[in-house]
Amino acid sequence: MSIILTPFAKLVLLFYDITGSYGVSLILFGLVIRLILFPVFLKGRKGMLAMSSLTEKQKVLQQKYARDREKYSRELQKLYEEEGVKPSSGCLWSFLPFPFLMVLYAIVRQPLTYLMNMNQDQFNVVSNLLYKNVLDYKNQQLQMAQDVFLNHDKIVAAVPELSNMPQIDFTFLGVNLSETPSFLFWRADDVWAAFGLWLIPVISALLGVVSMIVTNKINASVLHTTKTVDQSARMTMVIMPLFSLWICFTLPAALGVYWIANSLFAMLQEVLNIPFLRSFMKKQEEEKIKRQEEEKERVKLEKKAQAEAKRKAAEEMRRIQMERKLNKSIATASRIGIRAYARGRLYDPERYPTFPYEDPNELANIQEAERQQKLEEKKAAKGKKQEKSAQEKTKDSSAQAVPSPVPAEEQQTEQTASVAAPAASEEDAFVEESFLEEPEEDNEEK
């Protein structure tokens with residue numbers, strides 16, 4: 001713990017060496033802390049200002065979804081995302097002074113340890129020297145802090161190791177800051193000193209109220225609104241000053257001086273923040289307009305994409321309907337008189353083409369008529385051929401006056417042909433009745 005507290009204690013001692021006043025050193029300590037944390041405080045104020053600009057919209061959502069808390073939370077989160085606001089960004093800055101207040105409290109509560117570098121053995125000797133009694137080293141240093149300053153020479157003579165001990169006067173404006181203020185100041189032995197201590201908590205509480213009023217005025221100036229203070233803000237304006245009043249009445253007066261200085265620096269910081277806050281709000285408005293334009297463009301593109309997808313879907317549906325109609329017409333033509341063709345998803349009409357239905361009986365009749373016609377044509381051609389051969393034979397017989405003797409073998413051949421001729425005619429008749437194929441007819445002619 002001393003590793004953390006020692007640098008801050010050295011800073012307070014530095015300011016005391018420069019100013020010679022314990023109260024002023026505490027005020028300068030608060031100023032340095034404010035300057036170091038100025039960027040953090042400014043960021044927190046920006047977050048609080050952004051949250052304040054959404055108060056009206058938040059009330060509308062609260063009224064709209066009063067019965068559905070889950071829906072209200074979702075819509076509120078959506079509102080924060082649309083406005084680019086982080087709810088937690090404005091809360092941190094309000095609690096930043098407390099860690100430094102606790103550090104300063106530890107230094108103020110044990111000034112002999114951290115400011116005068118007095119160890120426990122030396123403290124016991126000094127306590128026995130001043131009060132003939134040994135006080136508690138951790139909890140009773142404030143009771144003897146001012147007495148150590150008033151009896152410095154006596155203490156150094158008794159404990160030479162403390163010759164380099166800093167001489168710190170804990171009074172400020174006639175008030176001992178190592179003491180704790182009392183609410184009933186009129187019962188004290190020194191009424192005016194007790195009244196001075198009593199004023200420190202009161203002034204601290206009043207400055208807390210003034211600081212919040214200034215903050216609200218600056219918010220209205222930056223936001224350009226004249227809205228009244230809501231109930232939560234009123235409660236804050238009451239609770240925070242009461243909290244400050246309670247702290248200052250329970251802790252040493254040195255912390256009350258620090259708290260007063262902190263409130264004054266906070267008001268000054270609020271005034272100095274006005275240009276930064278106005279620039280921030282202007283930038284927020286520009287970003288809001290930019291987000292709205294991007295949202296409109298996004299919605300426009302989404303609508304365009306939806307319209308394009310709808311158009312493609314309609315075209316695909318029309319194509320499918322046309323294919324179905326075409327397939328239906330083909331299937332209808334293929335179903336006449338026969339079993340319907342089973343089609344699956346991979347059906348390809350080009351792979352298995354269909355043809356109009358034809359009656360097999362009619363096809364057989366047509367084929368039979370064609371055969372009969374061909375047979376008649378062949379018979380006519382054969383008759384013409386026989387007639388022509390007969391005419392040629394008649395011419396030959398007339399040309400020859402005396403017929404030449406026919407050998408016995410030729411006569412036997414002619415008799416055989418004459419006998420075979422009736423058989424051939426009977427065979428032709430049989431062919432006509434049995435619907436022989438054309439190849440068989442050609443063999444017969446041969």
Please test Tyr22 against Phe170 for ring pair (Phe, Tyr, Trp, His ring centres under 6.0 Å), starting from the C-alpha separation and ending with a verdict.
-> CA-CA 6 Å; Tyr22 184 61; Phe170 291 93; 4.8 Å; yes

Between the main-chain N or O of Thr113 and the side-chain N or O of Gln141, is there a donor-acceptor pair closer than 3.5 Å?
-> yes

Is a side-chain donor or acceptor of Ser211 paired with a backbone partner of Leu207 at a separation under 3.5 angstrom?
-> no

Contact check, side chains of [X] and [Y], non-hydrogen atoms, under 4.5 Å:
{"X": "Pro252", "Y": "Leu255", "value": "yes"}
{"X": "Ile27", "Y": "Leu31", "value": "no"}
{"X": "Thr250", "Y": "Thr180", "value": "no"}
{"X": "Leu268", "Y": "Leu264", "value": "no"}
{"X": "Pro181", "Y": "Trp198", "value": "no"}

Among residues at least two apart in sequence or on other chains, which ones pass side chain to side chain donor-acceptor pair (under 3.5 Å) with [X]?
{"X": "Gln122", "result": "none"}
{"X": "Arg318", "result": "none"}
{"X": "Glu376", "result": "none"}

Mind checking whether Tyr258 and Phe29 have parallel, tilted or perpendicular rings, split at 30° and 60°?
-> tilted

Can you list the residues that meet the salt bridge (Lys or Arg N to Asp or Glu O under 4.0 Å) rule with [X], with sequence neighbours excluded?
{"X": "Glu70", "value": "Arg74"}
{"X": "Glu316", "value": "Arg319"}
{"X": "Glu308", "value": "Arg311"}

Nearest heavy-atom pair of Leu177 and Gly23: which atoms, and what distance?
-> CD1-CA, 3.8 Å

Give a yes or no on whether Phe276 atom CZ has more than 12 heavy-atom contacts from other residues, nucleotides or ligands under 6.0 Å away.
-> no

